[in-house]
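Working notes for the structure below.
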Amino acid sequence: MFSSFSALSVCGRGAARLAAVTLASGLAVSGALVTAGPAAADTAPAHTQGGATATIGGLRTYGAAVVHSAEGDLEISAGLFEMSVEGGGMLQTYCVDIHNPTQKDAKYHETPWSGTSLGANKDAGRIRWILQNSYPQVNDLASLAKKAGVRGGLSEQDAAAGTQVAIWRYSDGVDVDAVDPEAEKLADYLEKSARDVAEPEASLTLDPPALSGHPGGLLGPVTVHTNADSVTVTPPADAATSGVRIVGKNGKDITTAQDGSQLFFEVPADTTDGSAELTVQASTTVPVGRAFASETRSQTQILAGSSESTVTATASATWAETGAIPALSAAENCAEGGVDITAVNQGDEAFTFELMGAEHTIAAGETRTVTIPLQEDQAYDFTITGPGGYEKRFTGVLDCRTQADAASEAGASTQILTQPSPATVGSTSADVNLAATGSSDTTPAIAGVAIGLVVIGGAALVVVRKKKS
C-alpha cells in the first residue's frame with residue numbers, strides 16, 4: 001500500500017556538471033546485414049533491458065535535511081518521490097543522486113545497478129537493506145520508532161526524511177542530517193544497522209535481447225526472467241503476413257510464459273531476409289532496490305515501493321539466407337565508463353564495422369562486445385547502419401557518478417542548490433542530433449566537439465571483450 005502524499009518538492013543539485021554533447025555517430029558499418037526493405041532507425045535507450053517504464057511526478061512525502069559542506073550549511077527537502085508506470089501502476093522511490101536535479105515529467109526505465117552510480121558503490125547493498133527495513137516497506141511506524149529508539153514516535157514525513165538521509169550517506173557520501181530530531185535518530189539507526197544485501201533481480205527481462213540466424217528453422221532460445229507468475233507473449237506485428245511465429249522448443253505457438261520459459265522465432269524457409277520483434281508483458285510488483293535511470297539528466301532513483309505495475313521486455317531476431325547476419329544490442333557499463341555494444345553474428349561470413357577509428361570483425365558464430373568510452377554526463381546518439389536500409393540506434397545520457405565522487409577526485413568542494421537550475425525546470429532538455437537535424441549555424445561547432453571526443457577516445461580506449469556464442 002502507498003502512503004499519503006503531500007506537496008511537490010525536489011532534491012538538491014551540485015555545482016555545474018560536465019557539459020553533455022550529443023555524439024552524432026561516425027560508426028561506419030559494413031557487412032551483409034539486410035532487412036525486408038528500407039526502414040527507419042530502431043531506437044532505444046541503451047539502459048533499457050526490460051521492466052517498468054515510469055514518469056516521475058514529484059516529491060510527495062518528505063521532511064527537511066541539512067547538507068554540511070565547506071561553503072556552509074544548506075537546507076533541502078528529503079523524502080519519497082512518486083512515479084506513474086506506463087500501462088498502469090505506481091512506484092515510490094528515493095533519490096540516490098543528490099547533486100543532480102529532477103526534471104519535470106522525466107521518463108525513467110528500470111535499470112541494472114551496473115548502469116548507474118550504484119554499480120561502483122561498495123555500499124549499494126546497504127542501501128537496499130535500508131529500503132527493506134524502513135518506510136514505506138515498514139509501515140508500522142510505532143514499531144519502526146521503537147527499533148530506532150525514537151521515543152516521540154515517527155510521522156510519515158519523519159520516516160521518509162530519515163530514510164532518505166540514511167540513503168544519501170551511502171549513495172552520495174555527503175555529510176547530511178535530518179532537521180527533525182526524530183528523523184535524525186532514525187537516519188542514525190538505519191546507517192549503523194545497514195548490512196550488505198544483494199542486488200534484486202529485474203522484474204522482467206529477455207535474454208538475449210537480440211539474436212540472428214538463417215530462415216527455415218528456430219531462432220533462439222530467448223529466455224524469460226521475471227518475478228511475475230506469468231507473462232503475455234505478443235508475436236511480431238506482421239506475423240500474419242510474414243509467417244513468423246513465436247513458439248516453444250516443441251514448435252507449438254506460445255502466448256503465455258513463465259520465469260525460465262524459452263521462446264523461439266520460427267522463420268519459414270521462404271521468408272524474405274528481414275527482422276522481427278516479440279514483446280512480453282506482465283503485471284507484478286517491482287522488487288525493492290531496483291534502480292531507475294532517466295532518458296535525460298534527471299537524478300537517478302531507487303525503488304522503495306511498488307503497486308501492481310505493468311512491466312515489458314522485447315527481443316529481436318534478424319535473419320538472412322547468406323552472408324553475415326549480426327544482431328545488435330547495447331547496455332550502459334559504468335564500470336568501464338561507457339556503453340557496451342554487443343554484436344552477435346550467426347551468419348556464414350564475418351561482419352566488419354568501424355567504430356571510433358578502429359575496425360572490428362565479428363567472425364561467423366562469434367559474439368563480441370565493444371565498449372564505447374564516454375565522458376560522465378555525456379549524451380550519446382549512436383547509429384549503426386548496414387545494407388538494405390538497416391539502422392540500429394542507441395541513445396541516452398551516461399550518468400555513472402555522483403558529484404561527490406567527481407569532486408573528491410578533483411580535490412574540490414561541492415555546492416548544492418535547493419532547486420533545479422532554470423535550464424532544467426519544465427520540459428526535459430533537447431540535445432542536438434546531427435543525423436536527424438541536418439546542418440545549421442551550430443553544426444560545425446557541435447561536429448568539432450564530437451570529432452574531438454572521438455579523437456580523444458581513440459582506438460586505444462575502446463575495450464573489446466569476447467564471449468562464447
Side-chain angles (χ1 to χ4, degrees), residues 1-11 51-63 77-97 102 106-113 116 118 124-145 147-148 154-168 170-171 183 186-187 190 194 197-204 226-228 282-294 298-311:
M1 293 294 293
F2 275 67
S3 63
S4 59
F5 292 87
S6 56
L8 170 68
S9 186
V10 293
C11 279
T53 297
T55 301
I56 197 161
L59 195 58
R60 299 300 191 217
T61 305
Y62 62 96
S77 298
L80 274 170
F81 286 84
E82 182 184 75
M83 291 188 182
S84 57
V85 180
E86 285 188 5
M90 299 297 294
L91 307 177
Q92 288 176 305
T93 61
Y94 286 106
C95 161
V96 288
D97 194 5
T102 302
K107 182 176 289 188
Y108 283 77
H109 299 277
E110 186 179 338
T111 305
W113 285 2
T116 72
L118 296 171
R126 296 179 185 270
I127 297 172
R128 191 185 180 201
W129 185 95
I130 292 172
L131 294 166
Q132 292 175 325
N133 291 274
S134 190
Y135 182 76
Q137 286 301 303
V138 178
N139 54 21
D140 183 346
L141 297 184
S143 174
L144 183 60
K147 287 182 179 180
L154 289 167
S155 66
E156 290 181 340
Q157 289 73 24
D158 292 337
T163 304
Q164 177 67 91
V165 166
I167 289 171
W168 276 336
Y170 283 123
S171 67
L186 173 62
L190 294 172
V197 181
E199 177 181 1
E201 297 292 333
S203 61
L204 177 61
T226 183
N227 67 342
S283 181
T284 187
T285 54
V286 182
V288 169
R290 289 296 290 170
F292 278 79
S294 170
S298 192
Q299 65 186 201
T300 306
Q301 303 282 311
I302 192 165
L303 189 72
S306 168
S307 70
E308 195 80 3
S309 299
T310 300
V311 293

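Side chains included, hydrogens not; waters and symmetry mates left out as well; all remaining heavy atoms used. Position 1 is the first residue of the sequence, and the numbers go up from there.
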Got [X] and [Y] here, is their nearest side-chain heavy-atom distance under 4.5 Å?
| X | Y | value |
| --- | --- | --- |
| I130 | Y94 | no |
| D158 | L186 | no |
| R60 | E82 | yes |
| N227 | P287 | yes |
| K107 | S294 | no |
| L131 | S134 | no |
| L303 | Q92 | no |
| E308 | T285 | yes |

E201 atom CD, over 12 foreign heavy atoms within 6.0 Å: no
Worked verdict on Q137 versus V288 for side chain to side chain contact (heavy atoms under 4.5 Å, CB included): CA-CA 9 Å; Q137 286 301 303; V288 169; 3.3 Å; yes
Can you measure from [atom1] ([X]) to [atom2] ([Y]) and round to the nearest 0.5 angstrom?
| X | Y | atom1 | atom2 | result |
| --- | --- | --- | --- | --- |
| L59 | F81 | CG | CZ | 4.5 Å |
| L91 | S309 | CG | OG | 5.0 Å |
| Q157 | Y135 | CD | OH | 7.5 Å |
| E199 | I127 | CD | CD1 | 11.5 Å |

Result of checking T111, I56, T116 against Q301 for side chain to side chain contact (heavy atoms under 4.5 Å, CB included): I56
Minimum heavy-atom separation for [X] to [Y], with atom names?
| X | Y | value |
| --- | --- | --- |
| A183 | L154 | N-CD2, 4.5 Å |
| G289 | W113 | O-NE1, 2.9 Å |
| S77 | W168 | O-CH2, 3.4 Å |
| C95 | I167 | O-CG2, 3.9 Å |
| R128 | A198 | NH1-O, 2.6 Å |
| L190 | A166 | CB-CB, 3.8 Å |

Exam field: side chain S307 to backbone M90, donor-acceptor pair closer than 3.5 Å: yes
Side chain to side chain contact (heavy atoms under 4.5 Å, CB included) between V286 and V311, worked out: CA-CA 8 Å; V286 182; V311 293; 4.3 Å; yes
Stepwise side chain to side chain contact (heavy atoms under 4.5 Å, CB included) check, L80 with T93: CA-CA 6 Å; L80 274 170; T93 61; 6.0 Å; no
Polar contact flag, side-chain donor to acceptor under 3.5 angstrom, T53-Y108: no
Side-chain donor-acceptor pair present, S203, E110, cut-off under 3.5 Å: yes
Side chain to side chain contact (heavy atoms under 4.5 Å, CB included) evaluation trace for F292 with Q299: CA-CA 9 Å; F292 278 79; Q299 65 186 201; over 6 Å; no
